[in-house]
Number of protein chains: 2
Amino acid sequence: MLNQSTDLDRLFHALADPTRRAMVERLSRGPAPVSELARPLPMSLPAAMQHLGVLEAAGLVRSEKVGRVRTCAVEPQALSQVEQWINARRSEWEQRLDRLGEYLKTLDNEGDGNGSSD
Amino acid sequence: MLNQSTDLDRLFHALADPTRRAMVERLSRGPAPVSELARPLPMSLPAAMQHLGVLEAAGLVRSEKVGRVRTCAVEPQALSQVEQWINARRSEWEQRLDRLGEYLKTLDNEGDGNGSSD
DNA sequence: ATGATACTTAGGCATATGCTTAACCAATCA
DNA sequence: TGATTGGTTAAGCATATGCCTAAGTATCAT
């Protein structure tokens with residue numbers, strides 16, 4: 001259960017940039033060639049390609065070149081590791097809050113006292 | 001609906017580091033003082049504090065100082081924006097795949113005889 | 001073959017990140 | 001009161017990131 005960190009590192013890092021999220025959002029609606037991904041972006045084509053490289057390295061996007069056009073598509077299962085991590089966290093702290101709730105109820109029943117020291 | 005980017009930027013970026021995720025994981029089990037968060041980490045206390053600062057700036061962690069001890073705790077609703085973004089993407093591309101499935105079925109009905117298979 | 005299109009590679013620069021050590025302050029404790 | 005504990009600030013450094021321009025390479029169109 002310890003650290004296969006690097007996958008999550010790459011995924012979160014890839015998603016931490018608005019340009020890259022915009023690309024993923026675009027690709028969520030269907031595959032697109034590099035130039036179409038780059039066109040709306042306020043940067044040069046090479047810069048856009050670097051972002052694409054980060055997305056591919058993270059496994060979020062897959063691409064294939066046919067003729068001179070490289071077509072990119074989202075990799076639908078790529079986000080599952082992220083989801084798993086988040087769900088794990090959420091369930092942990094929900095459990096904690098549940099236990100805290102129980103505890104507070106218990107205190108309530110005790111009829112409370114003070115407890116200061118200082 | 002476009003760009004409240006910066007929140008997501010900070011959240012994803014905060015989670016893109018194994019040290020910071022380790023801190024969140026630790027805090028998911030309950031609040032802890034800075035020194036306890038830092039102790040297991042292979043770095044100096046100031047370095048750990050910087051990570052903590054990133055987590056706080058992202059809204060993932062909240063902390064409060066009492067006496068000379070600063071106690072940190074997870075902010076349970078902080079991940080919801082991340083979840084929303086991920087869910088939005090997933091539902092988009094699931095819809096797409098559904099439509100693709102329909103389309104393929106249609107083709108199939110047309111009575112074309114070959115299988116594109118691969 | 002010539003030129004346009006669609007990407008790709010290379011090199012470079014500015015800023016951001018992650019870490020370190022060396023003080024420094026504030027609350028206990030002896 | 002002075003030492004210790006817990007945290008904070010400051011300065012500096014090495015590497016990583018994000019962008020650029022310029023110069024390729026490989027199709028495709030004529």
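Chain letters run A, B, ... following the sequence lines, proteins first and then strands; every chain starts at 1.
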Problem set entry | Terminal axes of the helix from C:dA1-D:dT30 to C:dA30-D:dT1 (five pairs each): angle between them, nearest 10 degrees |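 Taking five pairs per end, the axes differ by 10°.
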Problem set entry | With B:H51 via side chain to side chain donor-acceptor pair (under 3.5 Å) - residues at least two apart |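 Only B:R20 meet the side chain to side chain donor-acceptor pair (under 3.5 Å) criterion with B:H51.
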Problem set entry | Trace of the side chain to side chain contact (heavy atoms under 4.5 Å, CB included) decision for A:T71 with A:V66 | CA-CA 8 Å; A:T71 300; A:V66 174; 5.9 Å; no
Please identify each residue that fulfils side-chain contact (heavy atoms from CB on, under 4.5 Å) with [X], with sequence neighbours left out.
X	result
A:E94	A:R90
A:L41	A:T19, A:M23, A:M43, A:A48
B:S91	none
B:R68	none

Can you tell me how far [atom2] of [N] sits from [atom1] of [X], to the nearest Å?
X	N	atom1	atom2	value
B:D9	D:dG18	CG	P	11 Å
B:E36	D:dT5	CD	P	17 Å
B:R21	C:dG18	CZ	P	12 Å
A:L37	C:dC7	CG	C1'	13 Å
B:R10	C:dT17	CZ	P	11 Å
B:M23	C:dG18	CE	P	12 Å

For this session: For A:W85, check ring pair (Phe, Tyr, Trp, His ring centres under 6.0 Å) against everything at least two apart and list the hits.
Result: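 Here the qualifying residues are A:F12.
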For this session: Please list all pairs passing the salt bridge (charged side-chain N to carboxylate O under 4.0 Å, His left out) test where one or both residues lie in residues 28-46 of chain A, with sequence neighbours left out.
Result: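 For residues 28-46 of chain A: A:R26-A:E36, A:R29-B:E92.
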Problem set entry | Pairs flagged by salt bridge (charged side-chain N to carboxylate O under 4.0 Å, His left out) wherever residues 70-79 of chain B is involved - sequence neighbours left out |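 Checked against salt bridge (charged side-chain N to carboxylate O under 4.0 Å, His left out) - neighbours excluded - the pairs reaching residues 70-79 of chain B are B:R62-B:E75.
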Problem set entry | Nucleic acid contacts of residues 42-51 of chain B, taken as heavy-atom distances under 4.0 Å to DNA chain D |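 The answer is B:L45, B:P46, B:M49.
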For this session: Give, ordered by number, those residues of residues 52-70 of chain B having at least one heavy-atom distance below 4.0 Å to an atom of DNA chain D; if nothing qualifies, reply none.
Result: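 B:K65, B:R68, B:V69, B:R70 - these, ordered by number, are the residues of the stretch whose heavy atoms sit under 4.0 Å from the strand.
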For this session: Taking the side chain as every heavy atom from C-beta outward, state whether A:L27 and A:V61 have any atom pair closer than 4.5 Å.
Result: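 Side-chain contact under 4.5 Å: yes.
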Problem set entry | Sugar-phosphate, base or nothing in reach of B:R39, heavy atoms under 4.0 Å |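 Nothing, no nucleic acid heavy atom in range.
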Problem set entry | Nearest to side-chain heavy atoms of B:H13, which nucleotide of D:dG18, C:dT17, D:dT8 |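 Closest nucleotide among those given: C:dT17.
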For this session: Ignoring backbone atoms, test whether B:T19 places a side-chain nitrogen or oxygen under 4.0 Å from the OP1 or OP2 oxygen of C:dG18.
Result: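 Negative; the distance criterion is not met.
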Exercise. Passes side chain to side chain contact (heavy atoms under 4.5 Å, CB included), B:L52 versus B:S63? Steps please.
Worked result: CA-CA 9 Å; B:L52 212 38; B:S63 78; over 6 Å; no
